[in-house]
Amino acid sequence: MESAGNGRRDAALGGLAVLPDELLCAVVDLLQPTDIGRLACVSSVMYILCNEEPLWMSKYLSVGGHFEYKGSWKKTTLARLNLCSENSELEQKARHFDGFNSLYLYRRWYRCFTTLSSYSFDNGHVERKDDLSLDHFRSQYDGKGPVLLGKLADSWPARTKWSMQQLVHDYGEVTFRISQRSPKKIIMKLKDYVSYMELQHDEDPLYIFDDKFGESAPALLEDYRVPHLFQEDLFDVLDYEQRPAFRWFIIGPERSGASWHVDPGLTSAWNTLLCGRKRWALYPPGRVPGGVTVHVSAEDGDVDIETPTSLQWWLDIYPHLAEHEKPLECTQLPGETIFVPSGWWHCVLNLETTVAVTQNFVNQSNFEHVCLDMAPGHCHKGVCRAGLLAVPGKSVGDMENHPPGTITWNHNDMTSTEERLKGLGSVTASNSESQCSSFEFSDVDKSLENQVFSYDIGFLSQFLEKEKDHYTSVWSPTNPIGQREAREWLRRLWVLKPELRGLIWKGACLAINVDKWYACLEEIRACHSLPAPSEDEKLPVGTGSNPVFIVSDNVIKINAEGGLGYSAHGLGTELEFYDLLRKVGSPLINHIPEIIASGFLVYEDGVYRTVPWNGKGMPDVLAKYYPLELSYANSCFPLGLWSKQQFGMDGSAESSNRPIWPYMVTRKCKGDIFAHVRDTLSKADLLNLASSLGVQMRNIHLLPLPHGESLPEPEDNNVKDSDPPEWKQVISTLNRRKNNIKKHLANWGGTVPTVLIEKAEEYLPPDMSSLIKLVKG
């Protein structure tokens, strides 16, 4: 037994006593629950650390699932993992030890039990307005600054129906989603959540933040309506299943809230409070709050915010802020709606139990910012959130009066794949769109030396990485919609909202480089005497991996995906396939588009020019930009099937920004896309379609393989000597692609459901050569 008094910690921890309590708690959090139980038996201090409620809350959240609170997080976790019976461990009393104190544990305990009733009404930092007209809102606040709006919800049924008592009566058995910093999804019935709220003493309590409440409790949608100021939402052109999450039903107890963040995709938001009080803190775009770190991945533009909980920020960081560093603040009261413009940092703390509804939206004011944020790259994403801190090589000149305990951003602290941007520097908050915060710079980049940060789209678009292309770059996983969905969205806007085409064009130039691809289209059209595109035809169509335009009865496809080697082989194999169909007289020729023209598009000296190519021989312009040795350079189709297989086997990484792109012009097929008509087809129609497809699949299998001389042996141990020589490369390629199938499917964005991606390998045979045996038979 350790001696009592101030020496208990040293005696109980031994050599580990040199570690601070915060680090010890972090290490214990890495253990499995059973190991934590064993560690608790080692000493009195370990017992204390291993019985902390935040620790067991973390353990439960890492498991997830349906949640039923049992009075403490330890009891709840052990019951969830079946590590104790209902009446054994749960009835034991906690042990108490004298002679041990910890400032770290005390501060955490204080945050768990503090009350917020002393927060008074705000001093008017955020304007309050009633009966605001749409014109007044657009001219004074939309895209410029936050505002608290009264009377927008006065007529809502939710004003009387969304009390906690009534909600439990009407929806007690309904399951809602819980928002918490957890890798696992957590759900619970409303009645169980209310029971948890009444029992808990958590620093960061669980928070109902459900974007699917319209599905689980559709009647809630009838209790409110979108205020007239926010009814324009350009995501509305997408089907509900396609559009990103945009509305949330929110319930949270005292001390819960949302930590510092910028709304996803730089959308704007409105939030209406039905009961309780919320405390808001807001900073203008480009001003990272103290204590907050912005992580931006240089590989894919993934944005991650590292921030304390809202309660921790208010208690530990806010009191140390100088007056000129404090955020805009307000206390939101029942019936009030707050508007948060695009790009604004905000943090929310519930001062008592609250019920609210919120929606994010894209309108004409923030449309270009949303499109900019979809563009590939990382620098512009960092600048939109962290200002000019995100510009490589920049340093902040004004470091005085920064709150103690925050860590300054240091360029030497950045890795090659991630920039870490921390809040610092003085801020001048303003409702002006052109000036939000000012910084002084080093002389690393003279072009930015005298500039101040601006959220104006012209300023922000300077930081787009010009070498990054929409069709050939990795899509950020934090973008609100996938790469293909984004193109579909812009296309629908172009067709359905012709009055906004000027704005839509600007957004499409930012998000998908449409100006570049339209210039390519114009050059191809001029070269082959194709008709000029109509206004309706100026944007690419479809959700494929390459830009495709439909002009009159012609389809112009520009091969961009995967870099020049990949795309050139893609065109070469298509041309070889079409030539093969003609040579053998296959009936498939009647079921594929007629090729009108093909070639390469080259960008040199600021202009585009076309070089026609039919797949035969190696054009000089391609050899100039693609000086690789080809195994089949002397064959009829040097970039045909066997060359493509060899290229795929080499697997060499290739730069995707060479100024040359293959293209093909085909005759537009008649009919409609299957996805557009499948729900209207009868069973008989589907059977006929399946039969027709079966016939065409047989015609494909009857085709001979293109002739290949001196086929190289693939370096693949899974390829058997007994496999036909002409199929060994194919089998090797299939084996390699099988190993990367999950990553390949994930790169398709939201098109393929996650559950199918996870099971993809189960649908593939262990031996890929078995697929070839089917063909041989």
Side-chain angles (χ1 to χ4, degrees), residues 57-58 60-62 64-69 158 162 164 167-168 171-172 174-197 200 202-218 220-221 223-224 226 240 243-265 267-282 303-305 307-313 332 334 337-338 340 344-361 478 480:
M57 183 180 187
S58 171
Y60 182 89
L61 296 179
S62 66
H66 190 86
F67 175 62
E68 186 177 344
Y69 192 62
W162 286 19
M164 287 308 307
L167 286 170
V168 172
Y171 304 100
V174 176
T175 298
F176 290 96
R177 298 185 178 194
I178 303 298
S179 173
Q180 186 54 256
R181 290 190 258 193
S182 165
K184 303 292 185 178
K185 185 176 75 171
I186 301 174
I187 58 174
M188 61 192 308
K189 291 181 179 180
L190 181 59
K191 67 175 185 179
D192 294 333
Y193 178 75
V194 173
S195 176
Y196 157 79
M197 284 201 303
Q200 60 82 31
D202 296 331
E203 172 190 351
D204 189 19
L206 297 184
Y207 196 21
I208 287 183
F209 202 77
D210 193 339
D211 64 314
K212 301 294 185 184
F213 73 95
E215 299 174 16
S216 57
L220 289 173
L221 297 175
D223 293 340
Y224 79 96
V226 178
Y240 175 77
R243 65 171 302 164
F246 69 103
R247 63 188 177 205
W248 290 265
F249 176 61
I250 308 171
I251 300 178
E254 182 184 26
R255 298 186 309 279
S256 64
S259 55
W260 282 107
H261 65 284
V262 173
D263 277 340
T267 54
S268 301
W270 59 267
N271 181 303
T272 299
L273 185 62
L274 283 310
C275 68
R277 294 182 302 142
K278 288 179 180 284
R279 186 70 173 177
W280 289 75
L282 305 102
V303 177
D304 183 50
I305 309 297
T307 172
T309 66
S310 54
L311 178 65
Q312 187 176 3
W313 188 87
Q332 185 184 18
T337 299
I338 188 170
V340 181
W344 276 69
W345 287 92
H346 50 288
C347 171
V348 189
L349 179 64
N350 290 319
L351 305 181
E352 55 198 58
T353 298
T354 62
V355 180
V357 63
T358 185
Q359 289 196 188
N360 286 62
F361 61 92
T478 50

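Worth knowing before you read on, the calculation uses all heavy atoms, side chains too, and leaves out hydrogens, waters and symmetry mates.
Residues Leu221 and Phe213 form a side-chain contact, since some pair of their non-hydrogen atoms from C-beta on lies under 4.5 Å apart. Here the side chains of Val355 and Phe249 are in contact, with some heavy-atom distance below 4.5 Å. A heavy-atom distance below 4.5 Å is not found between the side chains of Ile251 and Val194. Proximity of Thr354 to Leu273: side-chain heavy atoms (C-beta onward) are separated by under 4.5 Å at one or more points. At a threshold of 4.5 Å between non-hydrogen side-chain atoms, the residues Arg277 and Gln332 do not count as touching. Between Pro480 and Thr267, every side-chain heavy-atom pair lies at or beyond the 4.5 Å cut-off. Under the 4.5 Å side-chain criterion, counting only non-hydrogen atoms from C-beta, Trp345 is in contact with Ile305. Put simply, the side chain of Leu206 does not reach to within 4.5 Å of the side chain of Tyr69, judged on heavy atoms.
Scored by the side chain to side chain donor-acceptor pair (under 3.5 Å) test, Arg243 finds Asp233, Asp236 as partners (sequence neighbours excluded). For Trp162, the side chain to side chain donor-acceptor pair (under 3.5 Å) criterion is met by Asp223, not counting sequence neighbours.
The structure places NZ of Lys212 at 15.5 Å from OG1 of Thr175, a figure rounded to the nearest 0.5 Å. Here the NE2 atom belonging to His261 is positioned 10.5 Å from the OG atom belonging to Ser310, to the nearest 0.5 angstrom. The CG atom of Asp210 sits 9.0 Å away from the CD atom of Glu215 when rounded to the nearest 0.5 Å. Distance CE/Met164 to OG1/Thr353: 7.0 Å, rounded to 0.5 Å. Rounding to the nearest 0.5 Å gives a distance of 10.0 Å between OG of Ser256 and CG of Leu351. Distance check, rounded to the nearest 0.5 Å: CZ of Phe246 to CG of Asn360 gives 10.0 Å.
When the options Arg247, Arg177, Lys185 are evaluated for a salt bridge (charged side-chain N to carboxylate O under 4.0 Å, His left out) with Asp211, the one that passes is Arg177.
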Yes or no on side-chain contact (heavy atoms from CB on, under 4.5 Å) for Met188 and Ile208, after CA distance, side-chain angles and deciding distance?
CA-CA 9 Å; Met188 61 192 308; Ile208 287 183; 5.7 Å; no
Steps toward side-chain contact (heavy atoms from CB on, under 4.5 Å) verdict (Thr272, Val357)
CA-CA 6 Å; Thr272 299; Val357 63; 4.3 Å; yes
Trace of the side-chain contact (heavy atoms from CB on, under 4.5 Å) decision for Leu220 with Tyr171
CA-CA 10 Å; Leu220 289 173; Tyr171 304 100; 3.5 Å; yes
Verdict with supporting geometry, Lys278 and Asn350, side-chain contact (heavy atoms from CB on, under 4.5 Å):
CA-CA 5 Å; Lys278 288 179 180 284; Asn350 290 319; 2.9 Å; yes
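Annotation for Glu352 and Gly276: closest pair OE2-CA, 3.4 Å, computed over non-hydrogen atoms. Summarising the geometry of Asn271 relative to Ala356, their closest heavy-atom pair is OD1-CB, 3.8 Å, with the distance given to 0.1 Å. In terms of heavy-atom proximity, Ala258 sits nearest to Tyr207 at N-CE2, 4.1 Å. What you find for Pro218 and Ser216 is that their closest heavy atoms are CD-C, 3.7 Å. Between Met57 and Asp204 the shortest heavy-atom distance is CE-O, 3.3 Å. Closest heavy-atom contact between Leu167 and Leu190: O-CD2, 3.5 Å.
Checked against the 6.0 Å centroid criterion, the rings of Phe176 and Tyr193 do not qualify as a close aromatic pair. Here the two rings, on Tyr196 and Phe67, have centers that are under 6.0 Å apart.
Below 30°, between 30° and 60°, or above 60°: for Trp260 and Trp313 the angle between ring planes is above 60°, a perpendicular geometry.
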